[in-house]
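These values consider heavy atoms only, across backbone and side chains, with no hydrogens, waters or symmetry-generated copies. Position 1 is the first residue of the sequence, and the numbers go up from there.
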Amino acid sequence: MPLFQNAAFFISAHHLRDLPPASGIEVAFAGRSNAGKSSALNTLANHNRLAFVSKQPGRTQLINFFTLGNDRHLVDLPGYGYAKVPEAMRAHWQNVLARYLGERSSLGGLVLVMDSRHPLTPLDRQMLDWFCPSGKPVHVLLTKSDKLSRGEASLTLNRVRKELIETWGNHYHSECTIQLFSSLKKQGVEEAEAVIGKWLFAETPEDLVRKSFNLVDDKDAE
(Lines give C-alpha, C1' and ligand atoms only; values in the text may rest on other atoms or scores of the structure.)
Protein backbone atom coordinates (compact mmCIF):
# COMPACT_ATOMS: atom_id res chain seq x y z
CA MET A 1 0.00 0.00 0.00
CA PRO A 2 1.38 3.47 -0.90
CA LEU A 3 2.68 5.35 2.13
CA PHE A 4 0.33 8.29 1.55
CA GLN A 5 -2.72 6.21 0.58
CA ASN A 6 -4.89 7.80 3.30
CA ALA A 7 -4.09 11.44 2.50
CA ALA A 8 -7.22 13.60 2.63
CA PHE A 9 -7.90 17.28 2.04
CA PHE A 10 -7.55 19.34 5.22
CA ILE A 11 -7.58 23.10 4.53
CA SER A 12 -6.71 25.77 1.95
CA ALA A 13 -5.02 29.09 2.66
CA HIS A 14 -4.68 32.27 0.63
CA HIS A 15 -2.69 34.24 3.23
CA LEU A 16 -0.14 33.13 5.82
CA ARG A 17 -2.62 34.09 8.54
CA ASP A 18 -4.96 31.40 7.17
CA LEU A 19 -2.44 28.58 7.76
CA PRO A 20 -3.17 26.02 10.47
CA PRO A 21 -1.02 26.13 13.63
CA ALA A 22 2.63 25.21 12.99
CA SER A 23 2.54 21.95 14.93
CA GLY A 24 3.53 18.47 13.86
CA ILE A 25 5.44 18.05 10.60
CA GLU A 26 4.56 18.99 7.05
CA VAL A 27 6.31 18.42 3.73
CA ALA A 28 5.71 20.98 0.98
CA PHE A 29 5.60 20.35 -2.75
CA ALA A 30 6.64 23.25 -4.97
CA GLY A 31 7.15 23.50 -8.69
CA ARG A 32 6.76 25.61 -11.76
CA SER A 33 3.31 25.52 -13.35
CA ASN A 34 3.03 22.54 -15.70
CA ALA A 35 6.07 20.75 -14.21
CA GLY A 36 3.83 17.90 -13.04
CA LYS A 37 3.59 18.76 -9.33
CA SER A 38 -0.08 17.89 -8.87
CA SER A 39 0.33 14.69 -10.89
CA ALA A 40 3.28 13.69 -8.69
CA LEU A 41 1.22 14.26 -5.53
CA ASN A 42 -1.67 12.24 -6.93
CA THR A 43 0.69 9.42 -7.91
CA LEU A 44 2.32 9.26 -4.48
CA ALA A 45 -1.10 9.23 -2.80
CA ASN A 46 -2.50 6.76 -5.35
CA HIS A 47 -5.43 9.14 -5.76
CA ASN A 48 -6.41 10.58 -9.12
CA ARG A 49 -8.04 13.71 -7.71
CA LEU A 50 -6.17 14.49 -4.48
CA ALA A 51 -4.41 17.50 -6.01
CA PHE A 52 -6.09 19.47 -8.77
CA VAL A 53 -4.57 18.84 -12.19
CA SER A 54 -5.31 21.58 -14.69
CA LYS A 55 -4.59 21.88 -18.40
CA GLN A 56 -4.25 25.60 -17.69
CA PRO A 57 -0.96 26.14 -15.80
CA GLY A 58 -1.16 28.38 -12.75
CA ARG A 59 -4.78 27.61 -11.85
CA THR A 60 -3.95 26.33 -8.36
CA GLN A 61 -3.50 29.58 -6.44
CA LEU A 62 -3.98 28.38 -2.87
CA ILE A 63 -1.81 26.61 -0.32
CA ASN A 64 -3.56 23.25 0.07
CA PHE A 65 -2.97 21.04 3.12
CA PHE A 66 -3.63 17.29 3.01
CA THR A 67 -3.69 15.40 6.30
CA LEU A 68 -2.04 12.03 6.86
CA GLY A 69 -3.21 11.82 10.47
CA ASN A 70 -1.10 12.23 13.62
CA ASP A 71 -0.48 15.90 12.82
CA ARG A 72 1.39 15.10 9.62
CA HIS A 73 0.60 16.93 6.39
CA LEU A 74 1.50 17.17 2.73
CA VAL A 75 1.31 20.75 1.45
CA ASP A 76 0.65 21.63 -2.19
CA LEU A 77 2.06 25.10 -2.86
CA PRO A 78 0.79 27.25 -5.75
CA GLY A 79 2.45 26.44 -9.04
CA TYR A 80 4.76 29.31 -9.90
CA GLY A 81 5.30 30.98 -13.22
CA TYR A 82 1.97 32.80 -13.22
CA ALA A 83 2.09 33.44 -16.95
CA LYS A 84 -1.42 34.87 -17.17
CA VAL A 85 -2.11 36.39 -13.75
CA PRO A 86 -2.16 40.07 -12.73
CA GLU A 87 1.06 41.58 -11.35
CA ALA A 88 -0.55 42.12 -7.94
CA MET A 89 -1.35 38.41 -7.62
CA ARG A 90 2.15 37.46 -8.75
CA ALA A 91 3.67 39.76 -6.12
CA HIS A 92 1.32 38.37 -3.46
CA TRP A 93 2.35 34.79 -4.07
CA GLN A 94 6.03 35.58 -4.29
CA ASN A 95 5.80 37.15 -0.84
CA VAL A 96 3.72 34.31 0.60
CA LEU A 97 5.97 31.56 -0.77
CA ALA A 98 9.17 33.31 0.32
CA ARG A 99 7.91 33.71 3.88
CA TYR A 100 6.36 30.25 4.09
CA LEU A 101 9.50 28.50 2.86
CA GLY A 102 11.83 30.59 5.00
CA GLU A 103 9.85 30.89 8.23
CA ARG A 104 7.42 27.98 8.67
CA SER A 105 8.69 26.13 11.76
CA SER A 106 6.72 22.92 11.14
CA LEU A 107 8.05 22.55 7.59
CA GLY A 108 10.17 19.40 7.62
CA GLY A 109 11.37 19.40 4.03
CA LEU A 110 10.71 20.60 0.50
CA VAL A 111 9.97 18.46 -2.53
CA LEU A 112 10.88 20.59 -5.53
CA VAL A 113 9.29 19.34 -8.73
CA MET A 114 11.09 20.13 -12.00
CA ASP A 115 10.33 19.05 -15.55
CA SER A 116 13.32 16.86 -16.40
CA ARG A 117 13.47 18.45 -19.84
CA HIS A 118 13.75 21.97 -18.36
CA PRO A 119 15.33 21.73 -14.88
CA LEU A 120 16.66 24.53 -12.70
CA THR A 121 14.72 27.39 -14.24
CA PRO A 122 15.27 30.84 -12.68
CA LEU A 123 12.12 30.31 -10.59
CA ASP A 124 13.36 26.90 -9.38
CA ARG A 125 16.54 28.61 -8.28
CA GLN A 126 14.51 31.26 -6.46
CA MET A 127 12.67 28.56 -4.50
CA LEU A 128 15.99 27.04 -3.44
CA ASP A 129 17.35 30.46 -2.45
CA TRP A 130 14.29 31.02 -0.25
CA PHE A 131 14.24 27.58 1.35
CA CYS A 132 17.80 26.30 1.72
CA PRO A 133 19.00 28.92 4.26
CA SER A 134 16.68 27.11 6.73
CA GLY A 135 19.11 24.18 6.70
CA LYS A 136 16.24 21.77 6.11
CA PRO A 137 16.42 19.07 3.41
CA VAL A 138 15.24 19.39 -0.18
CA HIS A 139 14.43 16.54 -2.55
CA VAL A 140 14.12 17.21 -6.28
CA LEU A 141 11.77 15.18 -8.44
CA LEU A 142 12.78 15.33 -12.10
CA THR A 143 9.35 14.60 -13.52
CA LYS A 144 8.29 13.41 -16.97
CA SER A 145 11.52 11.41 -17.12
CA ASP A 146 9.80 8.95 -19.46
CA LYS A 147 10.09 11.68 -22.12
CA LEU A 148 13.90 11.33 -22.07
CA SER A 149 16.10 8.53 -23.36
CA ARG A 150 17.99 6.57 -20.72
CA GLY A 151 21.21 8.40 -21.61
CA GLU A 152 19.58 11.82 -21.53
CA ALA A 153 17.93 11.07 -18.20
CA SER A 154 21.23 9.95 -16.64
CA LEU A 155 23.10 13.02 -17.90
CA THR A 156 20.37 15.37 -16.65
CA LEU A 157 20.24 13.66 -13.25
CA ASN A 158 24.00 13.92 -12.73
CA ARG A 159 24.22 17.51 -13.97
CA VAL A 160 21.40 18.80 -11.78
CA ARG A 161 22.62 16.83 -8.75
CA LYS A 162 26.09 18.38 -9.07
CA GLU A 163 24.79 21.93 -9.26
CA LEU A 164 22.22 21.34 -6.54
CA ILE A 165 24.81 20.15 -4.04
CA GLU A 166 27.54 22.62 -4.98
CA THR A 167 25.32 25.71 -5.13
CA TRP A 168 22.82 25.10 -2.32
CA GLY A 169 23.72 21.99 -0.35
CA ASN A 170 27.31 22.86 0.53
CA HIS A 171 26.61 26.57 0.97
CA TYR A 172 23.60 26.25 3.28
CA HIS A 173 24.42 22.90 4.88
CA SER A 174 21.18 21.48 3.50
CA GLU A 175 20.77 17.83 2.56
CA CYS A 176 19.98 17.92 -1.18
CA THR A 177 18.82 14.76 -2.91
CA ILE A 178 17.40 14.16 -6.37
CA GLN A 179 15.75 11.44 -8.44
CA LEU A 180 14.02 10.73 -11.75
CA PHE A 181 10.25 10.45 -11.56
CA SER A 182 7.41 9.64 -13.96
CA SER A 183 3.76 9.88 -12.93
CA LEU A 184 2.71 8.31 -16.22
CA LYS A 185 4.92 5.23 -15.79
CA LYS A 186 4.73 5.20 -11.97
CA GLN A 187 8.53 5.27 -11.87
CA GLY A 188 10.42 6.51 -8.81
CA VAL A 189 7.48 6.21 -6.41
CA GLU A 190 9.18 4.00 -3.82
CA GLU A 191 12.31 6.15 -3.81
CA ALA A 192 10.28 9.31 -3.23
CA GLU A 193 8.21 7.64 -0.51
CA ALA A 194 11.37 6.61 1.35
CA VAL A 195 12.72 10.16 1.45
CA ILE A 196 9.46 11.90 2.32
CA GLY A 197 8.45 9.23 4.79
CA LYS A 198 11.71 9.70 6.70
CA TRP A 199 11.04 13.42 7.02
CA LEU A 200 7.45 12.97 8.13
CA PHE A 201 7.61 10.04 10.47
CA ALA A 202 11.18 9.60 11.71
CA GLU A 203 12.38 13.03 12.78
CA THR A 204 11.12 16.48 13.74
CA PRO A 205 12.04 19.54 11.64
CA GLU A 206 14.42 20.61 14.42
CA ASP A 207 16.09 17.18 14.37
CA LEU A 208 16.57 17.45 10.61
CA VAL A 209 18.24 20.86 10.87
CA ARG A 210 20.46 19.73 13.75
CA LYS A 211 21.43 16.55 11.89
CA SER A 212 22.38 18.47 8.72
CA PHE A 213 24.67 20.80 10.63
CA ASN A 214 26.19 17.94 12.64
CA LEU A 215 26.99 16.09 9.42
CA VAL A 216 28.86 19.11 8.11
CA ASP A 217 30.74 19.54 11.40
CA ASP A 218 31.74 15.88 11.37
CA LYS A 219 33.09 16.16 7.83
CA ASP A 220 35.06 19.29 8.72
CA ALA A 221 36.64 17.49 11.66
CA GLU A 222 37.92 14.63 9.52
Side-chain angles (χ1 to χ4, degrees), residues 1-10 12 26-68 73-84 97 109-125 127-128 131 137-164 176-200:
M1 178 181 292
L3 185 61
F4 310 120
Q5 178 82 44
N6 296 321
F9 176 76
F10 181 63
S12 291
E26 61 207 46
V27 170
F29 285 69
R32 185 176 174 84
S33 299
N34 212 29
K37 174 172 58 67
S38 295
S39 295
L41 261 170
N42 289 337
T43 298
L44 289 170
N46 196 29
H47 192 309
N48 290 334
R49 296 289 297 173
L50 182 73
F52 179 67
V53 179
S54 174
K55 293 182 180 179
Q56 237 179 315
R59 283 285 300 277
T60 307
Q61 294 299 315
L62 294 169
I63 298 176
N64 294 308
F65 279 70
F66 301 95
T67 181
L68 299 170
H73 296 91
L74 302 177
V75 183
D76 187 12
L77 299 178
Y80 47 86
Y82 317 125
K84 297 182 179 180
L97 289 176
L110 173 68
V111 178
L112 187 57
V113 179
M114 303 181 193
D115 187 326
S116 60
R117 299 165 298 178
H118 313 287
L120 286 175
T121 67
L123 289 169
D124 294 329
R125 295 171 187 275
M127 293 295 123
L128 291 164
F131 178 73
V138 61
H139 186 62
V140 171
L141 294 184
L142 292 176
T143 58
K144 307 182 184 182
S145 61
D146 56 285
K147 305 293 185 182
L148 301 177
S149 68
R150 182 173 298 180
E152 289 172 332
S154 179
L155 286 172
T156 299
L157 180 67
N158 291 332
R159 175 175 61 84
V160 178
R161 176 188 286 120
K162 183 176 185 293
E163 184 171 353
L164 186 69
C176 297
T177 51
I178 185 172
Q179 67 167 101
L180 297 168
F181 191 87
S182 171
S183 296
L184 182 65
K185 302 292 186 180
K186 302 293 189 293
Q187 294 172 348
V189 173
E190 291 184 1
E191 184 178 351
E193 283 183 341
V195 173
I196 301 166
K198 180 184 69 174
W199 295 350
L200 282 167

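Scanning all heavy atoms of the two residues, the minimum distance from V75 to E26 falls at CG2-CB, 3.8 Å. Contact record, E193 with L44: OE2-O, 4.0 Å, taken as the closest heavy-atom pair. The shortest heavy-atom contact between S12 and L62 is CB-CD1, 3.9 Å. The two residues G36 and T143 make their nearest non-hydrogen contact at O-CG2, 4.4 Å. Taking each heavy atom of A192 and F181 in turn, the nearest pair found is CB-CE1, 4.3 Å.
How far OG1 of T67 is from CZ of F9: 11.5 Å, rounded to the nearest 0.5 Å. Annotation: the span from H118 atom NE2 to T156 atom OG1 amounts to 10.5 Å, rounded to 0.5 Å. Atom CE of residue M114 and atom CG of residue L120 lie 4.5 Å apart, to the nearest 0.5 angstrom. Here the CD-CD1 distance, from E191 to I178, works out to 10.0 Å after rounding to the nearest 0.5 Å. In this structure, L157 CG and L148 CG are separated by 10.5 Å, a value rounded to the nearest 0.5 Å. Rounded to the nearest 0.5 angstrom, S39 OG and L141 CG are separated by 12.0 Å.
In this structure V195 satisfies the side chain to side chain contact (heavy atoms under 4.5 Å, CB included) test together with H139, T177, W199, sequence neighbours excluded. Residues satisfying the side-chain hydrogen bond (donor to acceptor under 3.5 Å, both in side chains) criterion with S183, sequence neighbours excluded, are T43. When the side chain to side chain contact (heavy atoms under 4.5 Å, CB included) test is applied to L155, no partner is found at least two apart in sequence or on another chain. Taking H73 as the reference, nothing meets the side-chain hydrogen bond (donor to acceptor under 3.5 Å, both in side chains) condition, with sequence neighbours excluded. Judged as a side-chain hydrogen bond (donor to acceptor under 3.5 Å, both in side chains), and not counting sequence neighbours, S145 has no contacts. Partners of S154 under the side-chain hydrogen bond (donor to acceptor under 3.5 Å, both in side chains) rule, at least two apart in sequence or in another chain, do not exist in this structure. Under the rule for a salt bridge (Lys or Arg N to Asp or Glu O under 4.0 Å), the partners of E163 that lie at least two apart in sequence or sit in another chain are R125.
Sorted by first and then second residue, the pairs that involve residues 150-162 and meet salt bridge (charged side-chain N to carboxylate O under 4.0 Å, His left out), not counting sequence neighbours, are K162-E166.
In this structure the side chain of L97 reaches within 4.5 angstrom of the side chain of L77, judged on heavy atoms. Side-chain contact between L180 and Q187: absent, with no pair of heavy atoms (C-beta onward) separated by less than 4.5 Å. A heavy-atom distance below 4.5 Å is not found between the side chains of V111 and L41. Taking 4.5 Å as the limit, every side-chain heavy atom of F4 sits out of range of all side-chain heavy atoms of N46. No side-chain heavy atom of F66 sits under 4.5 Å from any side-chain heavy atom of L68.
Judged by distance alone, the side chain of S33 and the main-chain N or O of Y80 form a donor-acceptor pair under 3.5 Å.
Checked against M127 for a side chain to side chain contact (heavy atoms under 4.5 Å, CB included), the options V113, V138, L112 give a single hit: L112.
Using a 4.0 Å cut-off between a side-chain N of Lys or Arg and a carboxylate O of Asp or Glu, K37 and D76 qualify as a salt bridge.
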